[in-house]
Amino acid sequence: MSMDFAAVRQNLFPASHGAIGDWLEFHWHRDRTNRIQAHKVHSSQAIAIDVFGTLKVSIDRDLVLDAIARRVGVAPGGPWSITLEWTDPDRLLGEPRPTQVDALAVGSNAALVIECKFTEPGGKCSQTAKSRSGEAQCNGSYTDQVNPHSGMRSRCTLAGKGIRYWEFIPEVFSLNPAGDYAPCPFAGEAYQWMRNAVLAAAIGKHRNLQAAAIAAFADHPNFPTARKAKRSLIDPSLGHPAAITPISYQEIIDIARQAGLDQELWTKLSAWLDEKIARASSRSTKGVVTIE
C-alpha cells in the first residue's frame, strides 16, 4: 500500500495533497484487484484532485467558486466547501449504490455537482447489456416493456427498480415521463450526463439551493469528452442547454487566475496540467484506451 501512495503522490499536484485527509480511508478508484489507479498519468481521479483538491485548500476557494458559479448560471456566495468523491447519504435518487460524484462544491446559495473526465468518454447505462443468459434488462427504448429478469413492467428498467431519474428529468429536460421514446434519449454517453444533471436538481430541491451540473474535462483533440463538449454533451433538443455545463480544466485555471490572488499557485498548476495532458495525449495516440 505504501508503494501505491508513493506513486500516487508523485502523480498529484503537490498543493493538492492536503485535500486528501486520511489517505487510507479516501475513496480511491481501484481496479478489479483492488489496486489504486490514481498513480496512472491518465487517471481521471488524479487530475480531478489536481484541480479541485488544490482549489479545496486554496485561499482563493471562495473567489474562484463564486466565479465558476456565475459562469454556469447559479448564484455566487460563500463560504464554499468542496468534497472530493462525494456520495449522497440521503439517496435522493433512490439508487441502491449512490452515484459517486468526483467533486461537490456547496456554497450558501448554490451547489455544483462536478463530473471529471480525462482521456475516457462518458459512462453508459448498464441495463441494455446482455447478461450471461443472453438477455438484456432493457430493449434500449423508453417504452412500455417487461424486464425479462424481474418480470417488472415499466418504460425505464431503472424506474422499475425504484430509481428516481425520471421523477427529476422533467425538471431538467423537455421530456414527458408518460411518453414513449425510441431509442431512449439517454442511450450512450448521455446517460452519465443525465444522471449528474438530475442529481444536481435533486440536491438543489433537497437543500433549497440553486444547483448546476458541470462536466470538467481536459481540452485536447485526442480525448473523446473534449471532442464531444465542442458539440454538445446532450442533444440540445432534449431541453435546457445548461442541463450540464462543460468547462475545461484549462478554463478553470483561467478563471482562477482572473478571480484569485495566488497567481503563483495557478501558474504552477497550469504548467502541471499542460505537462500531464501532453503525456496522456501521447498515450492515446498510441492506441491506449482505458476507463478511469
Exceeds 12 heavy-atom contacts within 6.0 angstrom, atom CD of Glu135: yes

Near-ring test Trp193/Phe186, centroid separation under 6.0 angstrom: no

Validation row: His39, Gln10 side chains within 4.5 angstrom (heavy atoms): no

Within one Ile-Leu-Val-Met-Phe-Trp-Tyr cluster: Leu63 and Val51, side-chain cutoff 4.5 Å: no

Sub-4.5 Å side-chain heavy-atom contact between Arg231 and Lys228: yes

Ala38 backbone acceptor or donor facing Asn11 side chain under 3.5 Å: yes

side-chain contact (heavy atoms from CB on, under 4.5 Å) evaluation trace for Asp88 with Leu93: CA-CA 9 Å; Asp88 174 20; Leu93 297 178; 5.7 Å; no

From CG (Asn139) to CD (Gln145), nearest 0.5 Å: 4.0 Å

Main-chain N/O of Gly151 paired to Asn147 side chain as donor or acceptor, under 3.5 Å: no

Between CG on residue Leu92 and CZ on residue Arg164, distance to nearest 0.5 Å: 7.5 Å

side-chain contact (heavy atoms from CB on, under 4.5 Å) assessment of Leu104 paired with Ile114: CA-CA 6 Å; Leu104 178 72; Ile114 305 165; over 6 Å; no

Thr54 side chain to Asp50 backbone, donor-acceptor under 3.5 Å: yes

Heavy-atom pair of closest approach, residues Glu189 and Gly122: OE1-N, 3.2 Å

Hydrophobic cluster identity match, Ile214 and Ile47, side-chain contacts under 4.5 Å: yes

Donor-acceptor under 3.5 Å (Thr157 side chain, Gln137 main chain): yes

Audit row: Gln127, Lys161, side chain to side chain donor-acceptor pair (under 3.5 Å) steps and yes/no: CA-CA 11 Å; Gln127 302 302 292; Lys161 296 178 179 182; 2.9 Å; yes

Residues Arg91 and Glu95 bridged, charged N to O under 4.0 Å: no

Separation of Leu233 CG from Ile244 CD1 (nearest 0.5 Å): 6.0 Å

Stepwise side chain to side chain donor-acceptor pair (under 3.5 Å) check, Asp254 with Trp266: CA-CA 8 Å; Asp254 287 342; Trp266 305 119; over 6 Å; no

Close side-chain approach of Asp102 and Glu85, heavy atoms under 4.5 Å: yes

Closest non-hydrogen atom pair, Ala213 against Ala197: CB-CA, 3.8 Å

Note, Trp166 side chain near Arg155 side chain (heavy atom, < 4.5 Å): no

Same apolar cluster (I L V M F W Y, side chains within < 4.5 Å links), Val172/Ile163: yes

Electrostatic pair Asp219-Lys230, nearest N-O below 4.0 angstrom: yes

Note: Glu251-Arg71 ion pair, threshold 4.0 Å (strictly below): yes

Steps toward side-chain contact (heavy atoms from CB on, under 4.5 Å) verdict (Ser43, His29): CA-CA 9 Å; Ser43 166; His29 297 180; 5.6 Å; no

Gap between atom CG of Leu24 and atom CZ of Phe5 - 0.5 Å precision: 5.0 Å

Thr83 side chain to Trp86 backbone, donor-acceptor under 3.5 Å: no

Closest heavy-atom pair and its distance - Phe52, Cys116: CE1-SG, 3.7 Å

Side chain to side chain, Ile253 and Trp272, heavy atoms closer than 4.5 Å: no

Side-chain (Lys117) to main-chain (Pro224) donor-acceptor, under 3.5 angstrom: no

side-chain hydrogen bond (donor to acceptor under 3.5 Å, both in side chains): pairs with one or both residues in residues 205-218, sequence neighbours excluded: Asp90-His206

Under 3.5 Å: donor-acceptor pair, side chain of Lys56, backbone of Ile82: yes

Donor-acceptor under 3.5 Å (Arg227 side chain, Pro221 main chain): yes

Thr143 and Tyr181, any side-chain heavy atoms less than 4.5 Å apart: no

Distance-minimising heavy-atom pair for Leu209 and Gly107: CD2-O, 4.2 Å

Heavy-atom side-chain contact between Gln37 and Arg35 under 4.5 Å: yes

Sidechain-backbone polar pair: Ser154 side chain, Asp144 backbone, donor-acceptor under 3.5 Å: no

Residue pair His17, Leu12: steps toward the side-chain contact (heavy atoms from CB on, under 4.5 Å) verdict: CA-CA 7 Å; His17 293 185; Leu12 295 177; 3.7 Å; yes

same_hphob_cluster(Leu112, Ile49) at 4.5 Å side-chain heavy-atom cutoff: yes

Shortest non-hydrogen contact between Ala75 and Ala110, atoms and distance: O-CB, 3.4 Å

Ser131 side chain near His149 side chain, heavy-atom distance below 4.5 Å: yes

Main-chain N/O of Gly77 paired with Asp66 side-chain donor or acceptor, under 3.5 Å: yes

Co-membership, hydrophobic cluster, residues Ile203 and Phe168, 4.5 Å side-chain: yes

From CG (Asn176) to CG (Asp180), nearest 0.5 Å: 9.5 Å

Cation over ring face, Arg9 and Trp23, 6.0 Å, 45°: yes

Smallest separation among heavy atoms of Ala201 and Glu171, with atom names: CB-OE1, 4.2 Å

Atom pair CG/OG1 of Asp262 and Thr267 - distance to nearest 0.5 Å: 9.0 Å

Polar contact flag, side-chain donor to acceptor under 3.5 angstrom, His42-Thr119: no

Aromatic ring proximity Phe118/Phe223, centre distance under 6.0 Å: yes

